[in-house]
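Report on the structure given below.
When reading the values below, keep in mind they use all heavy atoms of this one structure, side chains included, and skip hydrogens, waters and symmetry mates. What you see is a predicted model; the values in this text were computed from it and never measured.
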Amino acid sequence: MTGTQGPKHKRDLTRRKVVVAGGAAVAAVGAGGALAMPASADEATEAAGTASASAAGTAKTCYKLTSETTEGPYYIDADKLRQDITEDKEGIPLTLQLKVIDSETCKPVADAAVDVWHCDALGLYSGYESFSQGGGTAPTDAPSGTPTDVPSGTPTGEPPSGGGGGGHEEPTSDTRYLRGTWKTDKQGRVTFKTIFPGWYQGRCVHIHTKVHVDGEWTDAGYEGGHACHTGQFFFDEESVLASAVVEPYASNTAERTTLTEDTIYDQSGAAGGLLKLRYDKRDISKGVRASLTVGVDPAATHDGQDAPQPGTSASASPSASAS
């Protein structure tokens with residue numbers, strides 16, 4: 001695909017035009033905790049819950065739906081079908097392990113297309129370096145000058161307000177680091193290799209995601225279907241503070257918003273997208289393993305436009321709604 005994208009919001013339609021690289025579906029290691037259960041619940045508990053729900057024959061929800069959030073202004077429709085999205089970006093290695101399930105039946109959602117994207121250690125989004133706010137030295141692949149297709153007066157600092165997904169911006173460069181799409185296996189699992197995200201003014205540390213279903217995997221990639229979930233994953237404060245003393249994060253001078261101050265995260269723990277993290281508390285630079293079970297409604301359409309408006313508080317600045 002080219003760096004310039006067409007209209008973004010095509011309800012009930014997604015297209016992935018990059019050929020999927022060879023190899024079977026990923027064999028992910030243990031997923032995160034159940035959303036309506038403690039985050040440490042293991043697969044045995046999960047299997048027991050599924051069997052119990054089947055035996056009862058009820059429509060009772062066994063997992064809470066993972067919170068829907070705004071898409072944000074920097075989504076690009078799956079230019080890269082891959083599991084390792086790091087490219088040449090420096091940062092703490094992060095393995096993101098997800099398990100996507102039907103929140104009504106607790107059954108895994110197989111062959112779904114899962115998108116993830118996030119900023120680099122200095123707060124820059126690929127494709128949008130001239131828009132996104134970097135709290136450090138701009139990368140060498142950032143576009144120089146002012147793009148000719150940017151309306152006059154467009155700020156070059158913090159991202160536009162994320163408000164219900166309205167404020168989407170068209171890409172201004174062809175960079176695509178820290179973005180990727182891959183399919184869930186028969187157990188609903190998918191794994192991505194990336195780096196621990198950085199931060200920018202107005203938002204806590206986070207990763208964006210979309211889950212697409214009812215499409216078809218072909219030689220051309222993933223076509224058709226609809227987005228049944230648009231959300232974000234979050235990191236606890238302990239891990240973020242640990243990362244902040246490691247380069248290149250230590251060079252990020254942007255004012256940081258804490259998890260409790262964030263206007264997108266709903267403070268509901270795993271159900272709100274809070275990741276379960278494992279790392280060496282003595283040296284986070286060795287790498288982080290993050291996991292979560294994501295409860296979705298495959299029959300629903302959530303493209304990021306139906307998410308609640310970001311909240312405001314007396315202490316929140318206008319920029320706090322950036323996505």
| said: Before we go on, tell me: are the rings of F131 and Y125 under 6.0 Å apart, centre to centre? | reply: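 Between Y125 and F131, which both carry aromatic rings, the centre distance is not below 6.0 Å.
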| Please walk me through it: do V116 and I85 pass side chain to side chain contact (heavy atoms under 4.5 Å, CB included)? | CA-CA 9 Å; V116 294; I85 65 175; 3.9 Å; yes
Closest contact, heavy atoms only, [X] versus [Y]:
X: W199; Y: A244; answer: CH2-CB, 3.9 Å
X: C204; Y: F234; answer: SG-CD2, 3.5 Å
X: I195; Y: A121; answer: CD1-N, 4.3 Å
X: L94; Y: I207; answer: CD2-CD1, 3.9 Å
X: T230; Y: G304; answer: OG1-N, 3.4 Å
X: A290; Y: L277; answer: CB-CD2, 3.5 Å

Can you check whether [Y]'s main-chain N or O pairs, donor with acceptor, with [X]'s side chain at less than 3.5 Å?
X: S67; Y: A271; answer: yes
X: S103; Y: Y63; answer: no
X: Y222; Y: E216; answer: no
X: T70; Y: G72; answer: yes
X: T209; Y: D115; answer: yes
X: T184; Y: D111; answer: yes
X: Y279; Y: S285; answer: no
X: D280; Y: I284; answer: no

| message | Is there a side chain to side chain contact (heavy atoms under 4.5 Å, CB included) between E238 and K281? Walk through the geometry before answering. | response | CA-CA 9 Å; E238 182 181 8; K281 298 301 178 65; 3.8 Å; yes
| query | Of the options R203, H118, E71, E68, which is the one that meets Q232 in a side-chain hydrogen bond (donor to acceptor under 3.5 Å, both in side chains)? | reply |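 Of R203, H118, E71, E68, side-chain hydrogen bond (donor to acceptor under 3.5 Å, both in side chains) with Q232 is met by R203 alone.
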Roughly how far, to the nearest 0.5 Å, is the [atom2] atom of [Y] from the [atom1] atom of [X]?
X: E129; Y: D120; atom1: CD; atom2: CG; value: 8.0 Å
X: L275; Y: R289; atom1: CG; atom2: CZ; value: 13.5 Å
X: S251; Y: L122; atom1: OG; atom2: CG; value: 6.5 Å
X: T69; Y: H302; atom1: OG1; atom2: NE2; value: 11.5 Å
X: W117; Y: F192; atom1: CH2; atom2: CZ; value: 11.0 Å
X: T301; Y: H226; atom1: OG1; atom2: NE2; value: 4.5 Å

| query | Got a sec: does the CD of E247 have more than 12 other heavy atoms crowding it under 6.0 Å? | reply |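 Yes, enclosed.
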Is there a donor-acceptor contact under 3.5 Å linking the side chains of [X] and [Y]?
X: D262; Y: T257; answer: no
X: T86; Y: T194; answer: no
X: K193; Y: T95; answer: yes

| message | Does S126 form a side chain to side chain donor-acceptor pair (under 3.5 Å) with R179? I'd like the steps, not just the answer. | response | CA-CA 8 Å; S126 62; R179 297 178 182 273; 2.9 Å; yes
| query | Do the numbers put K210 on top of the ring of Y75, so that NZ or CZ is under 6.0 Å from the six-membered ring centre and no more than 45° off the axis? | reply |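 Judged by the rule, K210 and Y75 form a cation-pi pair.
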| query | Does the distance from a Lys or Arg side-chain N to an Asp or Glu carboxylate O, for R256 and E237, drop under 4.0 Å? | reply |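 Yes, this pair counts.
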| Do E87 and R82 sit within salt-bridge range, that is, some charged N less than 4.0 Å from a carboxylate O? |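 Yes, charged N to carboxylate O under 4.0 Å.
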| message | Hydrophobic clusters here meaning ILVMFWY residues chained together by side-chain heavy-atom distances under 4.5 Å, can you tell me if V245 and L241 are in one? | response |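 Hydrophobic grouping puts V245 apart from L241.
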| task | For the pair K107 and D102, evaluate salt bridge (Lys or Arg N to Asp or Glu O under 4.0 Å) and give the outcome as yes or no after the intermediate values. | result | CA-CA 5 Å; K107 293 181 179 180; D102 184 315; over 6 Å; no
| task | Report the relative orientation of the aromatic rings in H206 and Y200; use parallel for angles under 30°, tilted for 30 to 60°, perpendicular for over 60°. | result |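 H206 vs Y200 ring planes: perpendicular.
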Measure the shortest side-chain to side-chain distance between [X] and [Y] over non-hydrogen atoms and say whether it is less than 4.5 angstrom.
X: V114; Y: T181; value: no
X: T191; Y: W182; value: no
X: R278; Y: V288; value: no

| Partner of F233 by side-chain contact (heavy atoms from CB on, under 4.5 Å), out of V205, L274, V294 |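 Of the listed residues V205, L274, V294, the side-chain contact (heavy atoms from CB on, under 4.5 Å) partner of F233 is V294.
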| field | Worked check of side chain to side chain contact (heavy atoms under 4.5 Å, CB included) between S239 and D236 | value | CA-CA 6 Å; S239 66; D236 61 47; 3.1 Å; yes
| message | Run Y265 and T260 through side chain to side chain contact (heavy atoms under 4.5 Å, CB included) and show every step you take. | response | CA-CA 8 Å; Y265 175 57; T260 55; over 6 Å; no
